[in-house]
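Each remark here refers to the structure printed beneath this line.
Counting starts at 1 for both ligands and their atoms, in listed order. Computed from heavy atoms alone, side chains included, the values below leave out hydrogens, waters and symmetry copies. Along the sequence shown, residues are numbered consecutively beginning with 1.
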Amino acid sequence: MQLKLFIVTIVLQYLATAAAYYKTKPNFVQTCLKSDPDFEDCSKVAVQQLFNALGPGLPEIDLPPIDPLNIPKIRILQGDGPVNVNAALDNVVVTGFGHTEVLLSQVDDKTYDFYTKVRVPKIRIEGIYDLKGKILLIPLVGSGRCWFEPSNMTIDIVSDVKLYEKDGFPFFNVTKVHVKYNIGGLKLHMSNLFDGISSLEDSTNAYLNANWRPVSESLRPILSKTIEDILLGFMRQIFHNLPANFMIEDVKTHLLNKKAID
Ligand SMILES: *[C@@H]1O[C@H](CO)[C@@H](O)[C@H](O)[C@H]1NC(C)=O
Ligand SMILES: *[C@@H]1O[C@H](CO)[C@@H](O)[C@H](O)[C@H]1NC(C)=O
């Protein structure tokens, strides 16, 4: 297996300004106790409520809506392998994350790292693409409108966190997000492929749709990185603004400044 090099650059819309954090518990936050034997059930409901609140956005902490999610720019550069692309996606609008269903939410006893499993029934990604490269060994060139529709996406999310303190409140610093996802189907369309030679455009789109599984496999590293970057941006913004003890009342603050490792 050769090593595939790829670079994904994403420009998100929200501001990295230090927002005024929540000093009292907002009503969309459900508090759980880590010591409660039913913590997992409680935390699943709590994370679901958080996702529901994120749909329309939380302007008070500078968080834009996640449904629709606007991403001004995604740049992709990937070298060798079945996918060899130099692509740009502009004015990207992603719909569907407002219907995220939380399947599981666990929190590590020692490190507080989060393990979350979610399902999104239908996602639609629309934008303006500019592409030069190969997917499944087919050379593709073009620019124009495009859309992608992954269905029944399940995402396993592992988030590494570190506790820190601000004004006497404990907070989670989300330092890394790792995702693994599966999809049940993928439909896509790229307009103006090969500068609009319509017979080629139609047959290529038909071929990519008929072979959606290898297409989606070949895009996996790019998509995983894109999802990780978007989630990391959102989670950092949320958890820098929401004290950890509002979510986990008995969070062990002795972990501050020295994360347990094993
Ligand atoms: C969605 O995918 C999961 C596994 O990834 C599967 O168990 C489930 O049946 C699928 N649901 C639908 C509606 O296709
Ligand atoms: C959060 O973690 C990152 C990466 O480890 C670090 O650079 C940053 O200073 C941390 N922020 C806070 C507020 O602790």
Side-chain angles (χ1 to χ4, degrees), residues 9-10 12 14-23 44 47-48 51 58 61-63 94-108 110-125 148-188 209 212-220 223-225 227-248 251-262:
T9 314
I10 293 164
L12 280 173
Y14 62 83
L15 318 162
T17 53
Y21 66 84
Y22 290 110
K23 293 180 180 72
K44 180 176 148 183
V47 175
Q48 181 68 62
F51 265 102
L58 298 168
I61 58 165
D62 284 340
L63 262 183
V94 185
T95 46
F97 281 111
H99 295 102
T100 300
E101 182 193 345
V102 177
L103 303 175
L104 182 73
S105 168
Q106 295 175 331
V107 175
D108 189 276
K110 295 195 178 82
T111 61
Y112 288 103
D113 291 344
F114 310 150
Y115 172 58
T116 320
K117 197 177 166 86
V118 302
R119 187 177 96 89
V120 194
K122 193 173 166 186
I123 297 169
R124 184 175 166 98
I125 304 159
F148 298 85
E149 273 185 9
S151 54
N152 191 26
M153 181 180 261
T154 48
I155 317 176
D156 283 352
I157 311 162
V158 177
S159 316
D160 298 346
V161 304
K162 280 189 177 135
L163 275 163
Y164 72 101
E165 194 193 291
K166 186 161 66 189
D167 305 340
F169 284 110
F171 286 89
F172 290 121
N173 185 5
V174 182
T175 54
K176 218 162 189 178
V177 174
H178 318 262
V179 306
K180 268 195 207 150
Y181 71 87
N182 276 302
I183 56 174
L186 175 68
K187 291 182 185 159
L188 62 102
N209 278 278
W212 69 267
R213 204 171 273 284
V215 168
S216 78
E217 279 314 313
S218 66
L219 294 173
R220 181 176 289 280
L223 256 180
S224 300
K225 178 73 167 65
I227 297 171
E228 283 170 359
D229 286 0
I230 291 170
L231 276 174
L232 183 62
F234 269 87
M235 291 180 70
R236 293 186 73 106
Q237 187 76 356
I238 294 164
F239 292 110
H240 281 315
N241 288 290
L242 191 60
N245 63 322
F246 289 179
M247 291 168 284
I248 302 177
V251 65
K252 293 201 177 71
T253 48
H254 70 260
L255 285 178
L256 289 172
N257 307 322
K258 70 169 174 61
K259 177 163 166 167
I261 298 165
D262 39 339

For ligand 1, list all ligand N or O to protein N or O distances below 3.5 Å, rounded to 0.1 Å.
residue  : atom   : partner : partner atom : Å
ligand 1 : 2 (O)  : N152    : ND2          : 2.3
ligand 1 : 11 (N) : N152    : ND2          : 2.9
ligand 1 : 14 (O) : N152    : ND2          : 3.1

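Aromatic rings of F97 and F234 (six-membered ring for Trp) have centroids beyond the 6.0 Å cut-off, not under it.
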Next on the checklist: Checking F246 against Y21 for the ring pair (Phe, Tyr, Trp, His ring centres under 6.0 Å) test, could you report, in this order, the C-alpha distance in whole Å, the side-chain angles of both residues, the deciding distance, and whether it holds?
Outcome noted: CA-CA 12 Å; F246 289 179; Y21 66 84; 8.7 Å; no
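When each atom of ligand 2 is checked for a heavy atom of Y164 under 4.0 Å away, the hits are 13 (C), 14 (O). Ligand 2 places these atoms under 4.0 Å from at least one heavy atom of T175: 2 (O), 5 (O).
Relative ring orientation between F239 and F172 is described as perpendicular, the plane-to-plane angle rising above 60° on a 0-90° scale split at 30° and 60°.
On a distance-only criterion, N173 and ligand 2 share at least one N/O pair closer than 3.5 Å.
In plain terms, the two heavy atoms of Q48 and T100 that are nearest each other are NE2-O, 2.9 Å. Minimum heavy-atom separation, I238 to L63: CG1-CD1, 3.3 Å.
H240 NE2: more than 12 foreign heavy atoms inside a 6.0 Å radius.
The existence of a salt bridge linking E217 and R220 is confirmed by a sub-4.0 Å separation between a basic side-chain nitrogen and an acidic carboxylate oxygen.
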